[in-house]
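Inspection log for the structure reproduced underneath, given as structure tokens.
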Amino acid sequence: MKSTRTAIFRRLEALYARMGQGYEAAARGTGFTCSGCADNCCTSYFQHHTYAEWLYFFKGLEALPAPRREEYMDRARACVRQTQEALLRGERPAVMCPVNDDGLCGMYAHRLMICRLHGVPHVLAGRDGVPQAYPGCHRFPAPAEAGAAPAPLDRTPLYRDLARIEMDLLGARLRALPRVNLTLAEMMVQGSPRLTP
Ligand code: SF4
């Protein structure tokens, strides 16, 4: 089934809202916060995997005033260059995301899934369906008493629903198009994905 972009974006927004609720529930009562952290997750070397999120990010980017968008694009080109240089040196890149403005996300409403989920402990079912637990950020507070920690975020249904949105966006093109395996900066430099009919 192929869905219209408007319907896809609506579903993605609803899924992003669920991610936000899940994140809040997993952090509730722990006092976990990113403020004052010397590390910045926005320098992490993340690759993203869906055309749906890529398109949605560009919807937000294209709505920005031109000077701001051009500044982000300049930063994205520099970011891609610095990332490639780090990889050539055999290092894991740690380059600030091109849309981070002095520690704040300049594309908050259109940021990608991993930006929304990173930090809290989570579980994720592997291919065999068995859930694996992941601890989240090293700053995530240990519970004061045993059993007091909120349940970890279950990423499994969120990933599954994103995969469904991707399938509905692409329909029969799913097999023909190359798999997305790009950093956000690389997506920006490539431009909004052209999905042939
Ligand atoms: S899109 Fe926003 S939250 Fe995600 S890495 Fe960039 S600045 Fe950080």
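Order of listing sets the numbers, starting from 1, for every ligand and every atom in it.
For a distance bound of 2.8 Å, the N, O or S atoms of Cys105 include none lying that close to atom 6 (Fe) of ligand 1. Taking 2.8 Å as the threshold, Cys115 counts as a candidate ligand of atom 4 (Fe) of ligand 1, since one of its N, O or S atoms lies below it.
Close contacts between ligand 1 and Leu184 involve ligand atoms 1 (S) [criterion: under 4.0 Å to a heavy atom]. Distances below 4.0 Å separate heavy atoms of Asn100 from the following atoms of ligand 1: 7 (S).
Within 6.0 Å of OH on Tyr108 lie no more than 12 heavy atoms contributed by other residues, nucleotides or ligands. In Arg89, the CZ atom is crowded: over 12 heavy atoms of neighbouring residues, nucleotides or ligands sit closer than 6.0 Å. Environment of CG in Asp128: crowded, with over 12 heavy atoms of neighbouring residues, nucleotides or ligands closer than 6.0 Å.
Among Pro98, Ala185, Gly60, Cys97, the residue whose heavy atom lies closest to atom 5 (S) of ligand 1 is Cys97.
A donor atom on one side chain and an acceptor atom on the other are found under 3.5 Å apart for Tyr16 and Glu53.
Scanning all protein heavy atoms for the shortest distance to atom 8 (Fe) of ligand 1 gives Cys42 SG, 2.3 Å.
Aromatic ring centres of Phe57 and His48: separated by at least 6.0 Å.
By the criterion of a heavy-atom distance under 4.0 Å, neither the backbone nor the side chain of Leu112 is placed next to ligand 1.
By the 30° and 60° cut-offs, the orientation of the rings of His118 relative to Phe46 is perpendicular.
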